[in-house]
Amino acid sequence: HHDDEIDLDVRTKPRTQRPPMYKVLLLNDDFTPMEFVVHVLERLFAMSHAQAIEIMLAVHRQGLAVVGVFSHEVAETKVMQVMELARRQQHPLQCTMEKE
Ligand code: TYC
């Protein structure tokens, strides 16, 4: 009889919820000095000098590069901090974020 049957759920796989992560992208331009970009990467993204040069050159050669992957809130803060430093020095450096 049906009352004695145990219903096992074989359809839905339990999934752990992970918050979406966001890539922070740095964009190339013809005017921002290389040293300024290196400085930004060292100060705001905790990169070593060698790492910062590597990423800056990747942006310079390829047009853009991912500088880090963060939660929505942290990514938003990083973008704002980069844009604010660039604005203060009147450099056209652009930084954006994109869902992974
Ligand atoms: N292309 C710039 C120059 O030749 C350097 C640069 C690198 C600018 C990375 C922006 O995100 C950037 N001075």
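These numbers were taken from a predicted model, which means no experiment stands behind them. All heavy atoms count here, side chains included; hydrogens, waters and symmetry mates do not. Just follow the structure's listing: the first ligand is 1, and inside any ligand the first atom is 1.
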Sequence neighbours left out, what passes side chain to side chain donor-acceptor pair (under 3.5 Å) with Arg87? Give chain and number order. Glu84

Quick one: table the atom pairs, ligand 1 N or O against protein N or O, below 3.5 Å, distance rounded to 0.1 Å.
{"from": "ligand 1", "atom 1": "1 (N)", "to": "Asn28", "atom 2": "OD1", "distance (Å)": "2.8"}
{"from": "ligand 1", "atom 1": "1 (N)", "to": "Asp29", "atom 2": "O", "distance (Å)": "2.7"}
{"from": "ligand 1", "atom 1": "1 (N)", "to": "His60", "atom 2": "ND1", "distance (Å)": "2.9"}
{"from": "ligand 1", "atom 1": "4 (O)", "to": "His60", "atom 2": "ND1", "distance (Å)": "3.4"}
{"from": "ligand 1", "atom 1": "11 (O)", "to": "Leu27", "atom 2": "O", "distance (Å)": "2.8"}
{"from": "ligand 1", "atom 1": "13 (N)", "to": "Thr32", "atom 2": "O", "distance (Å)": "2.9"}

Can you name the nearest heavy-atom pair linking Ala75 to Met97, along with the distance? CB-CE, 3.8 Å

Nearest-0.5 Å distance that lies between atom CE in Met83 and atom CD in Gln94: 4.0 Å

Output, in order, the C-alpha distance, side-chain angles, deciding distance and verdict of side chain to side chain contact (heavy atoms under 4.5 Å, CB included) for Val79 and Thr96. CA-CA 6 Å; Val79 169; Thr96 63; 5.7 Å; no

Residue pair Val82 / Leu26: nearest heavy atoms and the distance that separates them: CG1-CD1, 4.2 Å

Can you tell me how the ring of Phe36 sits relative to the ring of His91, calling it parallel under 30°, perpendicular over 60° and tilted otherwise? tilted

